[in-house]
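Heads up, the thing below is written out as structure tokens.
Heavy-atom basis, side chains included; hydrogens, waters and symmetry copies ignored. Numbers here simply count residues along the sequence, with the first being 1.
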Amino acid sequence: QVQLVESGGGLVPAGESLRLSCAASGIIFSFWPMGWYRQAPGSQREMVASIINGNFTNYSDSVKGRFTISRDNARNTVYLQMNSLKPEDTAVYYCHARKRSVDYWGQGIQVTVSS
């Protein structure tokens, strides 16, 4: 069974940095696309960053240049380094995997950026 567990969230002031981690199990990590999404209350969940086989990455325009997604295949862990955080980055962040056209989600972790 696929499980995704996020860690590293919290409350930080604007301009600071935070690194999220997502530890995956029940999935051969390197075989499938992984990503980070976020969702604010009352808003749609949006993709923040994704990484696929070959380490191709994509970012939403709002975070490009500030966030970096990476993964350690040996540890089955994907990271999201978030720099220059802004209050509008405040959301619940979800780790995501897609395996055989099925979406898997972590429980989500709160990131709050104060102004």
Test side-chain contact (heavy atoms from CB on, under 4.5 Å) on Ser62 and Arg38; report intermediate values, then the result. CA-CA 12 Å; Ser62 62; Arg38 66 186 182 188; 3.3 Å; yes

Could you walk me through whether Leu18 and Leu85 satisfy the side-chain contact (heavy atoms from CB on, under 4.5 Å) test, starting with their C-alpha distance in whole Å, then the side-chain angles of each, then the deciding distance to 0.1 Å, before giving a yes or no? CA-CA 8 Å; Leu18 207 58; Leu85 283 162; 3.8 Å; yes

Walk me through it: do Asn55 and Arg71 pass the test side-chain contact (heavy atoms from CB on, under 4.5 Å)? CA-CA 8 Å; Asn55 287 329; Arg71 66 183 180 186; 3.5 Å; yes

Could you give me the CA-CA distance, side-chain angles and deciding distance for Phe56 and Asn58, then say whether side-chain contact (heavy atoms from CB on, under 4.5 Å) is met? CA-CA 7 Å; Phe56 293 104; Asn58 284 298; 5.8 Å; no

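The shortest distance between side-chain heavy atoms of Tyr37 and Val48 does not fall below 4.5 Å. Residues Leu11 and Gln110 have side chains not in contact (no heavy-atom distance under 4.5 Å, counting atoms from C-beta outward). Using a 4.5 Å heavy-atom threshold, the side chains of Gln107 and Val5 count as separate. By the 4.5 Å heavy-atom criterion applied to side chains, Ser50 and Arg98 are not counted as neighbours. Taking the side chain as every heavy atom from C-beta outward, Gln39 and Tyr93 never approach each other to under 4.5 Å. Counting heavy atoms from C-beta on, the side chains of His96 and Tyr104 never come closer than 4.5 Å. In this structure, the side chains of Val113 and Lys86 stay at 4.5 Å or more apart for every pair of heavy atoms. Side-chain contact between Val111 and Asp89: absent, with no pair of heavy atoms (C-beta onward) separated by less than 4.5 Å.
The minimum heavy-atom distance between Ser115 and Ala14, with the atom names listed, is CA-CB, 4.4 Å. Counting all heavy atoms, side chain and backbone alike, Met34 lies closest to Cys22 at CE-SG, 4.5 Å. Contact between Ile27 and Ala97 at its shortest, heavy atoms only, is CD1-CB, 4.0 Å.
Side chain of Glu6 to main chain of Gly108: a donor-acceptor pair is present (N/O by atom type, distance under 3.5 Å, no hydrogens or angles). Remark: side-chain polar atoms of Ser21 are not paired, donor with acceptor, to backbone N or O of Tyr79 under 3.5 angstrom.
For the pair Arg45 and Tyr94, the cation-pi test (distance below 6.0 Å, angle within 45°) is passed.
Expressed to the nearest 0.5 Å, how far CG of Asn83 lies from OG1 of Thr68 amounts to 6.5 Å. Note that CD of Gln3 is 12.0 Å distant from CG of Asn76, once rounded to the nearest 0.5 Å. How far CH2 of Trp36 is from CD1 of Ile51: 12.5 Å, rounded to the nearest 0.5 Å. Atom CZ of Phe31 sits about 9.5 Å away from atom CG of Asn73, to the nearest 0.5 Å.
With sequence neighbours left out, Arg75 forms a salt bridge (charged side-chain N to carboxylate O under 4.0 Å, His left out) with Asp72.
By the criterion of side-chain heavy atoms lying less than 4.5 angstrom apart, applied directly or through intervening Ile, Leu, Val, Met, Phe, Trp or Tyr residues, Met47 is not grouped with Val102; the two fall into different hydrophobic clusters.
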